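Since the structure comes first, as structure tokens, the remarks are kept for the end.
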Amino acid sequence: MQDGKAHEDRIHEDVERVLVPSAAIAARVRALATMLGEDYSHADGRLTVVPVMTGSLLFAADLVRALPQRHLRIQLTTVSSYGGTATASRGSSVVGALPKHLAGHHVLIVDDILDSGGTLRLLRKEFEDRGAADVRACVLLRKRIPSALGTPCEYVGFDIDDEFVVGYGLDYDDLYRNLPYVGTLRKDARRS
Ligand code: 5GP
Ligand code: MG
């Protein structure tokens, strides 16, 4: 984790507004990790963290390093919902193989943003069907819309307005994932 201040002196020219600065992300990640550490204190050795690629790459990397549990597994999964330059959800599907050997494990799904809820509903069911002891979800962002607020999710970093955001893992056409903050994209930076 970094405080990111130096980076945010130079906001990317395609970014309209910074919604969540990197320092706020870092503080919230630490708070979530403390909460998770307490809630999973019984799960040492039987915790499997499942980051949803590619959007949760940065969030998951920071979160697992901040977790007090040192004995956990990480199994990536890829779910496609948006593609390329689309900014509206087109339903979720798993790409490639799902994580294996989840029976008896406490599974923590880590995702970037909760929008339609399709991703979390799909993964939760798959992991429960595979015999997980329990399945919980942790998202960095949740949109203040009924579909997101109505989807069960145990840990939420920030509730945000219903805007298309990029940065800290979130992309537009695979760009902007490396920005250390979350922000909105200028209209003229969109290609569709
Ligand atoms: P859901 O399955 O809840 O509709 O959507 C989750 C996925 O949609 C996220 O993991 C993310 O990949 C994508 N998504 C939803 N809203 C946004 C957004 O505002 N910006 C970006 N970059 N991706 C989003
Ligand atoms: Mg995603």
Side-chain angles (χ1 to χ4, degrees), residues 4 11-22 24-25 28-29 32 49-64 74-96 98-99 107-129 135-192:
I11 302 297
H12 194 289
E13 59 184 8
D14 292 350
V15 169
E16 188 169 60
R17 198 158 42 93
V18 174
L19 282 187
V20 194
S22 58
I25 295 174
R28 189 67 186 132
V29 166
L32 286 169
V49 177
V50 182
V52 184
M53 292 291 105
T54 304
S56 81
L57 180 68
L58 275 64
F59 178 44
D62 284 339
L63 191 66
V64 293
I74 299 175
Q75 298 206 318
L76 305 180
T77 190
T78 300
V79 173
S80 88
S81 26
Y82 298 157
T85 56
T87 54
S89 193
R90 288 200 297 243
S92 311
S93 56
V94 175
V95 179
L98 275 164
V107 176
L108 178 66
I109 303 166
V110 178
D111 206 0
D112 51 1
I113 187 165
L114 178 48
D115 183 13
S116 73
T119 303
L120 290 191
R121 273 196 305 276
L122 172 76
L123 290 179
R124 208 183 272 274
K125 179 169 189 324
E126 292 288 353
F127 299 156
E128 278 166 2
D129 288 352
V135 182
R136 294 184 196 173
C138 177
V139 297
L140 177 72
L141 306 168
R142 176 173 62 183
K143 290 192 177 170
R144 274 190 215 97
I145 53 174
S147 59
L149 296 169
T151 301
C153 183
E154 287 77 3
Y155 306 94
V156 176
F158 301 92
D159 281 308
I160 61 166
D161 288 340
D162 185 17
E163 295 180 276
F164 186 77
V165 293
V166 297
Y168 198 66
L170 291 120
D171 76 309
Y172 175 70
D173 204 15
D174 273 321
L175 293 171
Y176 312 112
R177 294 194 197 275
N178 55 311
L179 302 181
Y181 48 82
V182 172
T184 56
L185 202 55
R186 296 169 65 97
K187 286 211 167 51
D188 54 15
R190 296 194 191 182
R191 286 163 295 279
S192 69

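These numbers come from the heavy atoms of this one structure, side chains and all, not from hydrogens, waters or symmetry mates. If you're wondering where the values come from, they're calculated on a predicted model, not measured in any experiment. Read the numbers this way: they start at 1 and go in the same order the structure lists the ligands and their atoms. In what follows, residues are counted from 1 in the order of the sequence shown.
Set against the non-hydrogen atoms of E163, the atoms of ligand 1 under 4.0 Å away are 19 (O). For ligand 1, the atoms lying closer than 4.0 Å to a non-hydrogen atom of D171 are 21 (C), 22 (N). Per-residue contacts place V165 under 4.0 angstrom from the following atoms of ligand 1 (heavy atoms of the residue considered): 18 (C), 19 (O), 20 (N), 21 (C), 22 (N).
An N or O contact shorter than 3.5 Å is missing between L120 and ligand 1 by distance.
Within the structure, the closest approach of V52 to ligand 1 does not fall below 4.0 Å when heavy atoms are considered. In this structure, V166 falls outside the shell of residues with a heavy atom less than 4.0 angstrom from ligand 1. Residue contacts with ligand 1: G55 is excluded, as none of its non-hydrogen atoms falls under 4.0 Å. Distances shorter than 4.0 angstrom occur between a heavy atom of K143 and an atom of ligand 1.
For the pair L179 and V15, the minimum side-chain heavy-atom distance is below 4.5 Å. Put simply, the side chain of L140 does not reach to within 4.5 Å of the side chain of V20, judged on heavy atoms. Inter-residue side-chain proximity for L19 and E163 is flagged as met; some heavy-atom pair is nearer than 4.5 Å. For the pair L98 and L123, the minimum side-chain heavy-atom distance is below 4.5 Å. By the 4.5 Å heavy-atom criterion applied to side chains, V29 and F59 are counted as neighbours.
Between D171 and R177 there is a salt bridge, with a side-chain nitrogen of the basic residue lying less than 4.0 Å from a carboxylate oxygen of the acidic one.
With hydrogens and angles left out, the side-chain atoms of D14 and Y172 include no donor and acceptor closer than 3.5 Å.
Contacts of D112 with ligand 1, taken as heavy-atom pairs under 4.0 Å, involve the side chain alone. Using a 4.0 Å cut-off between heavy atoms, S92 contacts ligand 1 through its side chain alone, with no backbone atom that close. At a heavy-atom cutoff of 4.0 Å, ligand 1 is contacted by the side chain of D111 but not by its backbone.
Between atom 18 (C) of ligand 1 and the options Y172, Y176, F164, the minimum heavy-atom separation is to F164.
Of the listed residues (V49, D111, L32), just one forms a side-chain contact (heavy atoms from CB on, under 4.5 Å) with C138, and that residue is L32.
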